[in-house]
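Down below is the structure, laid out as structure tokens.
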Amino acid sequence: MAPCTLERTETAGGITISQYKVWQQFGGGYNIVARNGTELERIHTRSLRQADETFAMLIGKYSGGDYMEQRQASRDADDLYAWATGR
């Protein structure tokens, strides 16, 4: 794996999903990796938006739940709070 920085990690159903930002001088982009002691999946994306969607998709895949729906509900609540407080 190219030199990178760990951005976030979550565990779903015994699987660890990690998102890494690849250093720009080594091509840039993002690697999303699912592991359970051995590497199960590795997906490379070029944009942060694709990386976030892929990360959420893998969380949903391995947890059996709808992670994207939960994340959207959380964002909606945050947006409503910001609007209500003027922040």
Side-chain angles (χ1 to χ4, degrees):
M1 182 158 63
C4 55
T5 305
L6 177 64
E7 290 201 324
R8 61 182 169 163
T9 298
E10 290 206 30
T11 303
I15 308 295
T16 301
I17 293 101
S18 303
Q19 180 174 320
Y20 300 90
K21 183 173 184 175
V22 179
W23 295 359
Q24 192 62 42
Q25 62 266 38
F26 293 93
Y30 299 84
N31 285 329
I32 299 83
V33 183
R35 294 184 182 99
N36 69 346
T38 60
E39 189 172 302
L40 300 173
E41 292 187 60
R42 174 184 300 269
I43 301 168
H44 180 79
T45 66
R46 300 299 298 161
S47 74
L48 179 58
R49 182 175 180 179
Q50 289 174 327
D52 289 342
E53 290 172 358
T54 303
F55 186 84
M57 184 250 338
L58 288 177
I59 293 288
K61 176 180 178 179
Y62 290 108
S63 69
D66 192 352
Y67 184 75
M68 286 291 280
E69 193 171 292
Q70 293 171 5
R71 295 274 310 218
Q72 186 59 47
S74 177
R75 281 189 213 117
D76 291 345
D78 290 345
D79 289 347
L80 180 60
Y81 177 80
W83 174 80
T85 60
R87 293 182 187 177

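What's counted below: heavy atoms across the whole structure, side chains too, no hydrogens, waters or symmetry copies.
Thr11 pairs by the side-chain hydrogen bond (donor to acceptor under 3.5 Å, both in side chains) definition with nothing, not counting sequence neighbours. With sequence neighbours excluded, no residue satisfies salt bridge (charged side-chain N to carboxylate O under 4.0 Å, His left out) with Glu7.
Between Asp52 and Gln19, some side-chain heavy-atom pair lies under the 4.5 Å cut-off. Looking only at side-chain heavy atoms (C-beta outward), Tyr62 and Asn36 stay at 4.5 Å or farther from each other.
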- Working for side chain to side chain contact (heavy atoms under 4.5 Å, CB included), residues Glu10 and Phe55: CA-CA 9 Å; Glu10 290 206 30; Phe55 186 84; 3.9 Å; yes
- Task: Might you work through the side chain to side chain contact (heavy atoms under 4.5 Å, CB included) test for Gln50 and His44, ending with a clear yes or no?
- Result: CA-CA 9 Å; Gln50 289 174 327; His44 180 79; over 6 Å; no
- Check the pair Ile43 / Met57 against side chain to side chain contact (heavy atoms under 4.5 Å, CB included), numbers first and verdict last. CA-CA 11 Å; Ile43 301 168; Met57 184 250 338; 4.2 Å; yes
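Interatomic distance, Ile15 CD1 to Arg35 CZ, rounded to the nearest 0.5 Å: 11.5 Å. Interatomic distance, NZ of Lys61 versus OG1 of Thr54, reported as 11.5 Å (0.5 Å rounding). Note that the CG atom of Leu40 and the CG atom of Leu58 stand 9.5 Å from one another [nearest 0.5 Å].
Scanning both residues, Thr9 and Ser18, for their nearest heavy atoms gives OG1-OG, 3.3 Å. Shortest non-hydrogen contact noted between Tyr30 and Leu48 is CE1-N, 3.5 Å.
Both Leu6 and Val33 are assigned to one and the same hydrophobic cluster, defined by single-linkage of ILVMFWY side chains at heavy-atom distances under 4.5 Å.
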